[in-house]
Amino acid sequence: MPRGQVAGEAEAAFMAGAALNALDMLLRSDPLWAGAWRQRLALKSAAAAVRLAGRTEDEAALRDVWTLRALGTDPSALGPAGGILLAWRRLASKASGLDADTLADIVDRLGLRWSDAFAGIREEMDGLLARSGTPAPHAAAAIVSHVHAARPDAEPLGWWLADLVLAQKLRWQRPVPLLMAQVFTPAFRAEGGRGSGTRLRPGGDGFERAVCLALAHGAAEACQLGAELGRRADRLVAVTPKLRTKGAGEAVQKLLDEDAVSGSFATGNLSRFASRRLFERLQTFDAVRELSGRPTFRLYGL
């Protein structure tokens, strides 16, 4: 993590490389809690994208939209904020590739109208990936700048694609949501500026340096979150043999795969009543946390 002002591009790029190396090692260890980790990062990115879109839903509201939805709900019924969350959840769980159908779907989920401005995105990405001398952070910055120049209102799409380009450059099997969550941090504050109106825009002077700093922060924060979730997952796995509830294994796996699980989670082997009792017991073991802070409609997670 930067310990002070980073003025030069070389220093910013060095810090990004060091942080991404640590993140790369975490990813290649393939931890059993990777699903929950990725989805929590997706939630954080989605909240920033919602803010960029001028909406007010925060992480808690987005978590409710997804976790408390009726089983089998059509994603299109989740509303604009729910669509944005779905876009980042898809990024966190998909393979690192982009076809025409996926691009069209993400454009729709982000609440954008399709236009000819998007037609050249895949070609631009292919060109960035083919240029072996382009460092991963600079390729990520380039795709954001390309999208913003073509459609300034489509900046969230640019950040979604930036994480995808980064994953392809680093040969990760699946992207990690990183950059969108950093958009409103000091990394993108224009030099000498104050307030929200001075955010550094894609393609402007110093934008590549800002992306490198954002990746340094984002990758380091992702590693810190991984360490935190890893400790909690170890505790959850350790107490699992003490559980006698039928279907407990399905609930435990759900906790390892998802950001949050409804307290009334049910399967063919686990009733809603049994599920509530199970989560309460896991809480007494300090193996899960209650995330909503409510007495009803409770949510649990690592």
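In this text the structure is predicted, and so the values were computed from the model without any measurement. All values below were derived from every heavy atom in this structure, side-chain atoms included, with hydrogens, water molecules and symmetry-related copies excluded.
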Going by heavy atoms in the side chains, are [X] and [Y] under 4.5 Å from each other?
{"X": "Arg89", "Y": "Trp66", "value": "yes"}
{"X": "Leu291", "Y": "Thr67", "value": "no"}
{"X": "Phe297", "Y": "Leu68", "value": "yes"}
{"X": "Ile121", "Y": "Leu103", "value": "yes"}
{"X": "Leu215", "Y": "Leu179", "value": "yes"}
{"X": "Trp160", "Y": "Ile84", "value": "no"}
{"X": "Thr134", "Y": "Lys169", "value": "yes"}
{"X": "Val144", "Y": "Val211", "value": "no"}

[X], [atom1] atom: more than 12 neighbouring heavy atoms under 6.0 Å:
{"X": "Arg277", "atom1": "CZ", "result": "no"}
{"X": "Arg113", "atom1": "CZ", "result": "no"}
{"X": "Glu228", "atom1": "CD", "result": "yes"}
{"X": "Phe14", "atom1": "CZ", "result": "no"}

Please walk me through it: do Cys212 and Glu11 pass side chain to side chain contact (heavy atoms under 4.5 Å, CB included)? CA-CA 9 Å; Cys212 287; Glu11 185 181 359; over 6 Å; no
Between the main-chain N or O of [Y] and the side-chain N or O of [X], is there a donor-acceptor pair closer than 3.5 Å?
{"X": "Thr245", "Y": "Ala248", "value": "no"}
{"X": "Glu290", "Y": "Gly293", "value": "yes"}
{"X": "Trp37", "Y": "Ala222", "value": "yes"}
{"X": "Arg40", "Y": "Asp259", "value": "yes"}
{"X": "Arg235", "Y": "Phe285", "value": "yes"}
{"X": "Arg289", "Y": "Asp286", "value": "no"}
{"X": "Arg209", "Y": "Ala187", "value": "no"}
{"X": "Thr284", "Y": "Arg281", "value": "yes"}

Report yes or no: is the cationic atom of Lys254 (NZ for Lys, CZ for Arg) closer than 6.0 Å to the six-membered ring centre of Phe265, at no more than 45° off its axis? no
Here's one to test your reading of the geometry: is the NZ or CZ of Arg51 within 45 degrees of the ring axis of Phe184 and under 6.0 Å from its centre? yes
From CA spacing to verdict: side chain to side chain contact (heavy atoms under 4.5 Å, CB included), Leu27, Leu170: CA-CA 11 Å; Leu27 284 169; Leu170 298 175; over 6 Å; no
In sequence, state the C-alpha distance, the side-chain angles, and the governing distance for Met125 and Leu164, and then conclude on side chain to side chain contact (heavy atoms under 4.5 Å, CB included). CA-CA 10 Å; Met125 285 182 60; Leu164 187 62; 3.8 Å; yes
Which atoms form the tightest heavy-atom contact between [X] and [Y], and what is the distance?
{"X": "Gln168", "Y": "Gly97", "answer": "NE2-CA, 3.5 Å"}
{"X": "Pro175", "Y": "Ala167", "answer": "CA-CB, 3.6 Å"}
{"X": "Ala287", "Y": "Leu302", "answer": "O-CD2, 4.3 Å"}
{"X": "Ser264", "Y": "Arg272", "answer": "O-CG, 3.3 Å"}
{"X": "Ala140", "Y": "Ala162", "answer": "O-CB, 3.7 Å"}

Can you tell me how far apart [atom1] ([X]) and [atom2] ([Y]) are? Round to the nearest 0.5 Å.
{"X": "Leu225", "Y": "Lys44", "atom1": "CG", "atom2": "NZ", "answer": "8.0 Å"}
{"X": "Arg231", "Y": "Leu229", "atom1": "CZ", "atom2": "CG", "answer": "9.0 Å"}
{"X": "Leu213", "Y": "Glu9", "atom1": "CG", "atom2": "CD", "answer": "10.0 Å"}
{"X": "Asp101", "Y": "Ile106", "atom1": "CG", "atom2": "CD1", "answer": "11.5 Å"}
{"X": "Leu278", "Y": "Lys246", "atom1": "CG", "atom2": "NZ", "answer": "14.5 Å"}
{"X": "Arg38", "Y": "Arg174", "atom1": "CZ", "atom2": "CZ", "answer": "4.5 Å"}

Under 3.5 Å, is there a donor-acceptor pair linking the side chains of [X] and [Y]?
{"X": "Arg151", "Y": "Ser115", "value": "yes"}
{"X": "Asp24", "Y": "Trp172", "value": "yes"}
{"X": "Thr102", "Y": "Asp99", "value": "yes"}

Test side chain to side chain contact (heavy atoms under 4.5 Å, CB included) applied to Gln224 and Glu221, step by step: CA-CA 5 Å; Gln224 291 169 348; Glu221 288 172 358; 4.3 Å; yes
Determine whether Leu299 and Leu43 fall in the same hydrophobic cluster, where Ile, Leu, Val, Met, Phe, Trp and Tyr are linked whenever their side-chain heavy atoms lie under 4.5 Å apart. no
How are the rings of Phe279 and Tyr300 set to each other: parallel, tilted or perpendicular (split at 30° and 60°)? parallel
